[in-house]
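Input: a single structure, listed below in structure tokens.
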Amino acid sequence: MTLSARASEVRRRFDGIDALLVSDLTNVRWLTGFSGSNGWVVLTLDRLTLVTDGRYGVQAANQLAEAGVEGDVLVGTSGSELLELVAQCARPFDRMGFESAHVTVLAHQQYQQHLGDGLVPVVGLVEAARRTKSPFEVASIERACHIADRALAEVVPTLGAGLSEAQVRNRLEVLMREFGASGPSYDTIVAAGPVNAALPHHRPTDALIEHGHTVIIDVGALVDGYHSDMTRSFVVGEPTAPQQELYDLVLAAQLAGLAAMRPGATAKEVDAACRDLIVDAGYGDWFSHGTGHGVGLLIHEDPFVSRASEATLQLGDVVTVEPGVYREGFGGIRVEDLVVVTEDGCRVLTASPKDSPCPPFPPTT
Ligand code: ZN
Ligand code: ZN
């Protein structure tokens, strides 16, 4: 699907509405290419209008043209003027959907004042269309994966060389920008040792990475607004028997999750493929999160892969597979790849080696 075809894909999903007010900025960006911080799209059956403020009028017109999106840009100066412009587009329509998951109570009251009583709450309509990634989108995500792979390859040999978690994080983020990313995809996680690595989403500190530590590095890059997401885990020095055993277990679980990934598989099945191995080995309560999540213009988006998920995987989903084990006193291990679901399974987009917890060329001192 090209960017210009996305509006039609959303219209096709209209059910009981004849217009949609898109207020979520990620959805606005996906529909129009517009990346500013304030704007609404009014989508009717034959027209697309982007309403924004004076800071973004020129940018919005340029970005729509660049994306090949046919639509008008209307510019207002105040919040209520913007809503009046939305109302001008909306008035002929009896039933206008609004994105109730993304609207505050206050905004809803303002919508009612300006747009009247025909508002219909709608959930996940653009998100459902956004979920299936086009080859163009996959290419951006793959470029982001490649940048994170290169950055990680540069820092891994320095693990155990006396650097802190924060220093490794800083190096990764600088390298990703140098390699062409517009930034990190999220706050890079570097978690080392028996306490910090036991927290799945630890924030890097000045704590030094030391011999004997397990180290979790969760790193992604941002390219064209698209995210990548990958985790690798390491042991500094020779792994102990429990460290090696748990690494092998998590890796086996992650490979089982990848093998289960195909169109038509339920998210529960993929989660179970990972989780059952870890549960059977006696470490079920060390695996304290879901198996994966969709990735795109957001770092966490549909579909979510967990025990509670009702999702079924589809062709074109871009999702992570990321089992992990965590326990204070031991530390933690997580292995995460990003994949695109293909006709016969999935294609793994992240390429960093994961066959061993030993960093290549470990320092000998
Ligand atoms: Zn991650
Ligand atoms: Zn993730």
Side-chain angles (χ1 to χ4, degrees), residues 26 131 133 138 140-153 155-156 165 168-169 172-173 175-176 181 183-192 196-204 214-223 225-234 247 250-251 253-255 257-258 260-261 267 270-271 273-275 278 287-309 311 313 317-326 331-341 346-354 357:
T26 305
R131 175 176 157 181
K133 305 303 186 282
V138 173
S140 293
I141 294 169
E142 200 163 12
R143 276 209 304 286
C145 290
H146 183 57
I147 287 170
D149 283 329
R150 280 180 70 193
L152 184 64
V155 305
V156 165
E165 294 170 339
V168 172
R169 183 264 324 270
L172 281 166
E173 296 190 353
L175 284 167
M176 288 194 291
S185 172
Y186 46 88
D187 286 342
T188 305
I189 296 168
V190 178
N196 293 353
L199 301 171
H201 272 193
H202 170 71
R203 292 202 156 212
T214 58
V215 184
I216 294 175
I217 299 183
D218 191 337
V219 60
L222 197 58
V223 170
Y226 285 89
H227 298 72
S228 78
D229 192 1
M230 171 179 70
T231 307
R232 291 293 182 265
S233 295
F234 306 92
Y247 187 87
V250 170
L251 179 58
Q254 204 261 349
L255 294 173
L258 294 179
M261 193 64 81
V270 176
D271 184 84
C274 283
R275 195 173 303 279
I278 293 174
F287 181 9
S288 51
H289 52 74
T291 285
H293 54 89
V295 173
L297 287 173
L298 292 179
I299 181 61
H300 296 116
E301 61 179 43
D302 288 334
F304 289 88
V305 180
S306 72
R307 278 180 287 198
S309 175
L313 289 151
D317 278 336
V318 171
V319 283
T320 68
V321 179
E322 50 176 307
V325 292
Y326 317 86
I333 290 163
R334 175 165 71 253
V335 177
E336 173 181 29
D337 281 316
L338 188 58
V339 312
V340 57
V341 176
C346 71
R347 187 164 69 84
V348 180
L349 303 173
T350 35
S352 296
K354 59 183 178 185

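FYI, the numbering just counts along the sequence from 1. We count ligands from 1, going down the list as the structure has it; atoms in each ligand are counted the same way. A quick note: this is a predicted structure, and the numbers were derived from the prediction, not measured.
- Note that the CG atom of Asp317 and the NE2 atom of His293 stand 13.0 Å from one another [nearest 0.5 Å].
- At a threshold of 2.8 Å, the Zn ion (ligand 1) has no backbone or side-chain N, O or S atom of Glu322 nearer than that distance.
- At a threshold of 2.8 Å, the Zn ion (ligand 2) has a backbone or side-chain N, O or S atom of His293 nearer than that distance.
- Between Glu322 and Lys354 there is no salt bridge, since no side-chain N of the basic residue sits under 4.0 Å from a carboxylate O of the acidic one.
- Residue Glu336 approaches the Zn ion (ligand 2) most closely through its N/O/S atom OE2.
- Tyr186 and His300 have their aromatic ring centers separated by at least 6.0 angstrom.
- Side-chain atoms of Ser352 and Asp149 include a donor-acceptor pair closer than 3.5 Å.
- The nearest N, O or S atom of Asp229 is closer to the Zn ion (ligand 2) than 2.8 Å.
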